[in-house]
2 protein chains.
Amino acid sequence: MPTQDQPSQADQSQSEQDWLAAYDPRAFTPVAVTVDVVALTLRQDRLHVLLVRRAGPPFQGCWALPGGFVRAGKEDLDQAAARELAEETGVDTAALRRVHLEQLGSYGAPARDPRMHVISVAYLAFAPDLPDPQAGTDAAAAAWVPLGGTAPAAGPHRGGPSSRSGPAGHPLAFDHAVILAEALDRARSKLEYTPLATAFLGPEFTISELRSVYEEIWGEKLHAGNFHRKVLSVPGFVESTGATATKAGSKGGPRARLYRTGDARLLHPALLRPDREESVR
Amino acid sequence: MPTQDQPSQADQSQSEQDWLAAYDPRAFTPVAVTVDVVALTLRQDRLHVLLVRRAGPPFQGCWALPGGFVRAGKEDLDQAAARELAEETGVDTAALRRVHLEQLGSYGAPARDPRMHVISVAYLAFAPDLPDPQAGTDAAAAAWVPLGGTAPAAGPHRGGPSSRSGPAGHPLAFDHAVILAEALDRARSKLEYTPLATAFLGPEFTISELRSVYEEIWGEKLHAGNFHRKVLSVPGFVESTGATATKAGSKGGPRARLYRTGDARLLHPALLRPDREESVR
DNA sequence: GTAATAGTGTCTTTCAGACAGTATAGG
DNA sequence: CCTATACTGTCTGAAAGACACTATTAC
C-alpha cells in the first residue's frame with residue numbers, strides 16, 4: 001500500500017517499519033470513542049425511540065441512548081453500532097437485517113462525559129415494530145419510549161418508563177437530547193428523498209400505512225388522494241404484490257391493495273414536505 | 001452488573017462521585033481520534049483540494065488530507081478541525097472566518113491506520129480563493145491540488161505537486177481517497193439546497209461567477225438565462241449591491257451587476273441538479 | 001342506513017427547461 | 001464589422017396541491 005516514489009521503495013518501507021516498531025500508542029492522552037444509536041420505530045402509529053436506563057455512573061438511573069465503547073482494533077464503527085443495538089436490546093441479528101442503520105454524526109465536546117473526553121459517533125436506525133427489548137449488561141432497563149410527535153404524549157407522573165425519560169419527561173444523559181433532536185431532523189429529511197419510510201413497516205403494506213408513517217414522523221396530516229398518486233408515480237418506490245388486504249380499517253372502507261418496497265434508493269422526484277414557511281433563515 | 005434504578009438522590013450522587021474518583025481512563029484499550037479536513041476552493045475556475053505531503057510515517061511522502069489528533073480534553077471536534085486547517089496551512093483565523101466548515105462523517109475501520117485503531121472525523125470546508133498554504137509541522141509540503149472536475153486535469157509525470165497526488169495521480173494516504181470522494185458528493189449535494197456556493201466567492205460577485213461555481217462542482221454546463229432567473233427568484237439567496245462590475249468579461253458583453261450573499265440558510269425552492277438519469281438504484 | 005376510507009379524475013398554480021430576442025461590451 | 005455575454009420574455013411540460021367523485025367496507 002505505501003507505494004512511494006520519493007525516497008527509494010526499500011528505504012521508505014524500512015524506516016516506516018522501524019518507526020512502527022518503536023511506536024507507543026499510550027504516549028497519547030487517552031480519548032475514548034463510543035457509538036450511540038437513535039433507534040426509531042412506530043408502535044400503534046406512534047413514534048418511539050429506544051432508550052436504556054443507565055445501570056452505573058455517570059448519570060446512573062438516567063435514561064440514555066443505547067450505546068457503548070468501540071472495541072479498539074476489533075470492529076468498524078458500523079459494526080459497533082449494530083452490535084450495541086443488538087446487545088443492549090436483545091434484538092437478534094436476524095431482526096437486525098430488517099433495520100436500516102446509518103451514521104448520523106459525531107459529538108466530541110470535552111466535557112460531555114464527566115469521566116474523560118469521550119467522542120461519540122451517533123447512528124440513526126429505522127426499525128419495523130420490534131418486540132420489547134431486553135436490558136443488556138450496561139442497562140438496568142431498556143424500553144421503546146414514545147416521542148411526542150408534535151405534542152408530548154405521556155403524563156409526567158406515572159411509574160412507567162415513559163415518565164422521567166428525555167422525550168416526554170426528564171432530560172437524557174450526556175448530550176443525548178441534542179443527538180436525539182438532530183436524529184429526528186435527519187429522519188424527517190430522509191423521508192423526503194429516500195424510500196426509507198418503508199423500513200418502519202412489514203414486508204407488505206398498504207399506501208395508507210405508508211402515509212401514516214409520513215404523517216407521524218413529519219407531524220402533519222397529508223392529503224390521502226394526492227399522497228396515493230404521488231407514491232405510485234415515483235419509479236421504484238413501491239411495487240404491487242397483486243394482493244389485497246384481508247381486512248379493511250376499523251372504520252370501514254374498501255380493502256386496500258398491498259405493496260412491497262421497490263428497488264429505488266432515492267426518490268426521484270422527491271416527496272417534499274409541505275411548506276414550513278420560511279423555516280430556517 | 002451494578003443494577004439499581006431507585007437509589008435515593010443523595011445516594012446516587014455519592015456513589016457517582018466515588019466511582020469517578022476511582023475511574024482509570026487507561027483501563028481501556030487505546031483508540032486515537034483525528035480530524036481530517038477536505039478543504040475545497042476554486043482557483044481560476046478550477047476546483048482544488050488542500051493536501052499535505054506527510055513528513056513522517058506512516059505513508060511518509062504520500063499526499064494526504066490535512067488533519068491531526070484531537071487534543072484530548074481541550075477542544076471540541078469543530079475546534080480541532082478549524083485548528084488543523086489553520087495550523088497545517090498557515091491560514092490565519094481572520095481568513096478562517098470566511099470559510100464554511102461542517103462535519104462530514106467518521107471513519108473507523110480498525111486497519112485504516114497501521115499504527116493503531118484511529119477513528120477519523122472528517123470535515124468539509126468551502127473556502128474562497130486563499131493564498132498558497134504554508135506547510136505545518138506534520139507536513140513536508142502543503143498545496144492546493146486541482147481536482148479533475150469530470151476529467152482529470154494534471155498529467156501524471158510532472159515535478160509539481162499536482163502530479164503524484166491523489167486526485168490526478170497516485171493514491172492518497174489511509175482511506176483519504178474514500179473520504180475525498182464522499183466529500184465531493186456532499187459538496188455537490190450542498191449546492192442544491194443551500195446558498196453555500198457563495199462561500200467560494202468574494203464578498204461581491206456576479207451571477208455568472210456564481211454559475212461557474214455550480215458548473216465546476218457539478219461538472220456540467222448550465223443554461224445561463226434560466227440560471228440567472230432562478231437565482232434571483234429564490235428568496236434570500238443573493239441580494240443586489242446596486243453596483244455594477246467595472247469590467248466586462250474578456251470576450252465582451254455588458255458589465256454584470258454585483259450581488260452579495262443573502263440571509264437564507266436553505267434554498268427554497270432548491271436548485272436541483274439536471275437529471276442524472278436514474279442514478280442510484 | 002351512516003361514516004369513513006381506497007382510489008381516480010380534473011383543475012390551477014408553480015416551476016424547470018428550451019428557445020428567442022435585445023442591449024452591451026471586446027476584438 | 002463579428003462574437004460572446006447579460007438579461008428578459010415566452011412557451012411547453014412536469015409536478016404539487018386543492019377539490020370532487022365513485023366504490024367499498026365496518027358499524
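Chain A is the first sequence line, chain B the second, and so forth, proteins listed ahead of strands; every chain is numbered from 1. The figures that follow rest on heavy atoms only: side chains count, while hydrogens, waters and symmetry mates do not.
- Nucleic acid contact class of Ala245(B) (heavy atoms, under 4.0 Å, all strands): none.
- Backbone-only contact: Gly249(A) has heavy atoms under 4.0 Å from sugar-phosphate atoms and none from a base.
- Contact annotation for Ser233(B): no contact, since no heavy-atom pair falls under 4.0 Å across all strands.
- When rounded to the nearest whole Å, the span between CG of Leu232(B) and C1' of dC15(C) equals 15 Å.
- Going from atom CG of Asn226(B) over to atom P of dT10(D) covers 15 Å, rounded to whole Å.
- Of the two residues near DNA chain C, Gly253(B) and Ile207(A), the one whose nearest nucleotide lies more 5' is Ile207(A).
- Between Arg273(B) atom CZ and dG17(C) atom P there is a gap of 13 Å when expressed in whole angstrom units.
- Backbone-only contact: Ser208(B) has heavy atoms under 4.0 Å from sugar-phosphate atoms and none from a base.
- Each of dT24(C), dG7(C), dT8(D) was ranked by its minimum atom distance to the side chain of Pro254(B); first place goes to dT24(C).
- Taking 4.0 angstrom as the limit, Arg229(B) places none of its side-chain polar atoms (N or O) nearer than this to OP1 or OP2 of dC19(C).
- Phe227(B) places its CZ atom 15 Å from the P atom of dT5(D), with the value rounded to the nearest Å.
- Rounded to whole Å, the distance from CZ on Arg255(B) to C1' on dC7(D) is 15 Å.
- You'll find the side chain of Leu180(B) reaches within 4.5 Å of the side chain of Leu147(B), heavy atoms only.
- When the P atom of dT5(D) is taken as reference, atom NZ of Lys247(B) falls 15 Å away, rounded to whole Å.
- The nearest whole Å value for the distance from the CG atom in Leu272(B) to the P atom in dA14(D) is 17 Å.
- The side chain of Ala256(B) approaches dA6(D) more closely than any other nucleotide in the set dA6(D), dT5(C), dT8(D).
- In this structure, a donor-acceptor pair under 3.5 Å is present between the side chains of Ser120(A) and Asp36(A).
- One finds a side-chain N or O of Arg211(B) lying less than 4.0 angstrom from the OP1 or OP2 phosphate oxygen of dA6(D).
- His228(B) has its NE2 atom 15 Å from the C1' atom of dG21(C), to the nearest Å.
- Between the side chains of Tyr107(B) and Glu182(B), at least one donor N or O lies within less than 3.5 Å of an accepting N or O.
- Proximity of Arg257(B) to the phosphate of dC7(D): a side-chain N or O atom is located under 4.0 Å from OP1 or OP2.
- A salt bridge links Glu102(A) and Lys190(A); the closest N-O separation between the charged side-chain nitrogens and carboxylate oxygens is under 4.0 Å.
- With dC19(C), dC15(C), dC7(D) as the candidates, the nucleotide lying closest to the side chain of His223(B) is dC19(C).
- Of the side-chain N and O atoms in Ser250(A), none sit less than 4.0 angstrom from OP1 or OP2 of dA26(D).
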Worksheet entry | Test ring pair (Phe, Tyr, Trp, His ring centres under 6.0 Å) applied to Phe205(B) and Tyr259(B), step by step | CA-CA 5 Å; Phe205(B) 49 85; Tyr259(B) 297 85; 7.2 Å; no
